[in-house]
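Here the structure is laid out as structure tokens; the discussion comes afterwards.
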Number of protein chains: 2
Amino acid sequence: MIDLMPETQPSAEAPPMGRRERKKAATRQAIADAALRLFLERGYDDVGIREIADEADVSTTTLFKHFPVKEALVFDEEADQEALLLAAVHDRPKGRSIPAALREHALRYRMAATGSDARFTAFFELIDTTPALRDYVQAMWLRHTEALAHAIAEECGLPEDDPGCTALAHFALEAPRAARGHDDPRRAVERAFDLLEHGWQPDPPKRTRPGGR
Amino acid sequence: MIDLMPETQPSAEAPPMGRRERKKAATRQAIADAALRLFLERGYDDVGIREIADEADVSTTTLFKHFPVKEALVFDEEADQEALLLAAVHDRPKGRSIPAALREHALRYRMAATGSDARFTAFFELIDTTPALRDYVQAMWLRHTEALAHAIAEECGLPEDDPGCTALAHFALEAPRAARGHDDPRRAVERAFDLLEHGWQPDPPKRTRPGGR
DNA sequence: CTCAACAAGTGCAACCGTTTCACTTTTGAA
DNA sequence: TTCAAAAGTGAAACGGTTGCACTTGTTGAG
């Protein structure tokens with residue numbers, strides 16, 4: 001329900017899952033769907049774990065095997081989104097700079113939410129009005145920032161806590177976030193990344209050319 | 001126990017508290033002391049709320065009247081520190097720029113921890129090794145950043161979500177944090193603020209001079 | 001001084017997210 | 001077929017947190 005990821009590239013990732021993995025995924029999806037539906041109906045705090053499990057027809061034990069904490073039920077696509085983000089850097093067409101790859105990724109995947117689809121609106125309102133969820137997205141954002149910084153550093157052959165990489169990662173995730181609320185979010189993101197691509201020069205390490213591998 | 005705030009200015013704030021407020025403060029302190037002692041002895045996760053309350057000789061109800069969540073027991077001075085931070089901006093000597101005031105504050109109050117006092121070391125190790133506390137400090141840092149940004153904006157007569165103010169607040173709190181781990185943290189902070197003071201020019205609003213009030 | 005009003009503290013039971021445990025059922029592969 | 005690992009179960013417990021009805025101490029106005 002509410003697929004935040006538009007149109008995965010047709011040719012991409014389809015390692016044919018066996019029955020087992022398919023069933024597992026189905027269970028997971030059933031849980032997430034039930035949870036989101038109930039949350040939207042009655043509010044995050046007024047829906048208990050046990051009730052969600054019942055609705056999805058699984059035990060609470062099973063529920064927690066799939067989602068480590070209650071908040072994670074709302075962001076069941078987090079892992080996929082992070083993977084996509086890191087892939088955008090790691091698998092970018094050769095010759096393309098990292099900022100450029102991040103810009104493309106931002107425009108492609110992180111702007112879906114800005115459409116005027118009513119379900120998106122409700123989804124974001126749910127988050128914005130629930131302190132527990134606000135806190136969770138904040139922590140999530142940080143996790144992604146760190147993962148991205150790490151990936152960039154690795155890509156450039158820099159130490160994994162290189163401040164420049166941290167800053168770039170920070171910026172690349174902050175830009176789309178700040179763009180929400182602008183009249184033309186797409187344009188805002190473009191602007192931010194224009195700035196970034198001109199300003200950011202990866203500090204070339206000893207003998208690796210920036211962007212090379 | 002473990003007073004993070006060295007030497008409050010002698011003349012500052014001493015609105016003579018009545019017996020009531022004094023007792024309340026004492027209770028609060030007893031709870032925080034008991035909690036920190038037990039945490040350091042046995043680890044954060046291995047000490048329960050009920051046990052802390054017992055040790056401080058209060059009911060758990062009372063404990064939660066003073067500290068909204070378990071993590072807050074570790075940061076019982078948070079409110080004071082935030083107040084001090086905001087005061088550093090608001091009550092700075094006239095003519096002094098905001099960045100300069102923040103630099104002085106950072107050097108004065110936020111570097112206490114870098115001393116080689118064994119209790120500080122243990123305190124920070126407790127935090128660093130407890131995920132729940134790491135998460136909490138992160139959220140705390142964000143709250144303080146937002147409060148500071150708000151205070152700066154108000155001080156300059158700018159809209160309360162002015163990006164420049166947000167950035168300045170962010171930087172001013174990030175600098176001392178990043179300095180931890182440097183060989184000479186004090187110097188690192190000085191450097192960071194040197195940069196900041198030269199770089200940052202508050203966008204003068206309609207008719208207010210920057211730094212004026 | 002007295003007394004009402006209010007703030008602080010109490011004890012207990014409940015709530016709810018989360019974990020543990022011992023157990024059954026499915027599934028993939030040897 | 002056989003077997004081990006993976007997925008799921010059910011119930012009970014744990015621990016942080018809250019609600020409730022209550023007592024006690026402090027304060028300030030009359």
Side-chain angles (χ1 to χ4, degrees), chain A residues 15-36 38-39 42-76 79 126 130-136 139-140, chain B residues 15-36 38-39 42-76 79 126 130-136 139-140:
Chain A
M17 296 192 287
R19 189 188 348 266
R20 192 182 210 142
E21 296 176 63
R22 249 182 304 116
K23 282 200 174 182
K24 183 173 179 178
T27 302
R28 185 191 165 84
Q29 198 57 47
I31 297 171
D33 287 355
L36 188 52
L38 292 176
F39 289 156
R42 312 218 308 271
Y44 181 80
D45 292 317
D46 286 348
V47 181
I49 288 287
R50 289 156 178 94
E51 188 181 356
I52 296 170
D54 274 0
E55 188 79 9
D57 199 43
V58 296
S59 66
T60 74
T61 313
T62 297
L63 187 153
F64 278 108
K65 287 246 173 72
H66 286 277
F67 301 93
V69 296
K70 190 185 182 187
E71 292 85 40
L73 288 165
V74 177
F75 305 99
D76 69 298
L126 175 69
T130 311
L133 293 180
R134 293 182 60 99
D135 289 0
Y136 187 82
M140 194 168 88
Chain B
M17 295 190 288
R19 192 192 340 267
R20 194 183 213 146
E21 298 176 60
R22 251 182 301 114
K23 283 199 176 183
K24 181 174 179 178
T27 302
R28 184 191 166 86
Q29 198 59 46
I31 297 171
D33 287 356
L36 188 53
L38 292 176
F39 288 157
R42 311 217 311 272
Y44 181 80
D45 291 318
D46 287 349
V47 181
I49 288 287
R50 289 157 178 95
E51 187 180 356
I52 296 170
D54 274 0
E55 187 79 9
D57 201 44
V58 297
S59 66
T60 75
T61 312
T62 297
L63 188 152
F64 278 108
K65 287 248 172 74
H66 287 277
F67 301 92
V69 294
K70 189 184 182 188
E71 292 86 42
L73 287 165
V74 177
F75 305 99
D76 69 298
L126 175 69
T130 310
L133 293 180
R134 294 183 59 99
D135 289 1
Y136 188 82
M140 195 169 85

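Below, chain A is the first sequence line, B the second, and so on; all start at residue 1.
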When rounded to the nearest 0.5 angstrom, what is the spacing between [atom1] in [X] and [atom2] in [Y]?
X      : Y     : atom1 : atom2 : answer
A:L133 : A:D45 : CG    : CG    : 8.0 Å
B:I31  : B:D57 : CD1   : CG    : 10.5 Å
B:L73  : B:H66 : CG    : NE2   : 11.0 Å
A:T60  : A:D54 : OG1   : CG    : 9.5 Å
B:E55  : B:E51 : CD    : CD    : 7.0 Å

**Prompt:** Between B:K70 and D:dG16, is there a side-chain N or O to OP1/OP2 distance below 4.0 Å?
**Reply:** yes
**Message:** Is the phosphate of D:dA7 approached by A:H66 (side-chain N or O, under 4.0 Å from OP1 or OP2)?
**Reply:** no
**hbond_proxy B:R50 side chain to D:dT17 base (donor-acceptor, 3.5 Å cutoff)** = yes
**Asked** Quick one, which residues of residues 54-63 of chain A touch DNA chain D with a heavy atom under 4.0 Å?
**Response** A:D57, A:V58, A:S59, A:T61, A:T62
**Asked** Quick one: does A:Q29's side chain get under 4.5 Å of A:D76's, heavy atoms only?
**Response** yes
**Request:** At under 4.0 Å between heavy atoms, which parts of nucleotides 23-30 of chain C does protein reach? Answer with one letter per nucleotide, 5' to 3': B base, S sugar-phosphate only, - none.
**Result:** ---SBS--
**Request:** Verify the neighbour count for atom CZ of A:R42: are there more than 12 heavy atoms of other residues, nucleotides or ligands below 6.0 Å?
**Result:** yes
Distance in angstrom units between [X] [atom1] and [N] [atom2], rounded:
X     : N      : atom1 : atom2 : result
B:R22 : C:dG9  : CZ    : P     : 14 Å
A:I49 : C:dT19 : CD1   : C1'   : 13 Å
B:D45 : C:dT19 : CG    : P     : 11 Å
A:K65 : C:dC21 : NZ    : C1'   : 11 Å
A:L38 : C:dG17 : CG    : P     : 12 Å
A:E51 : C:dC15 : CD    : C1'   : 14 Å
A:F64 : D:dC14 : CZ    : C1'   : 13 Å

**Message:** Nearest to the side chain of B:K24, heavy atoms from C-beta on, is which of D:dT17, D:dG8, C:dA8?
**Reply:** C:dA8
**Prompt:** For the residue pair B:Y136 and B:F75, does the interplanar ring angle fall in the parallel (under 30°), tilted (30 to 60°) or perpendicular (over 60°) class?
**Reply:** parallel
**Request:** Indicate yes or no for a side-chain donor-acceptor contact from A:Y44 to the backbone of A:P131 under 3.5 Å, with no hydrogens or angles considered.
**Result:** no
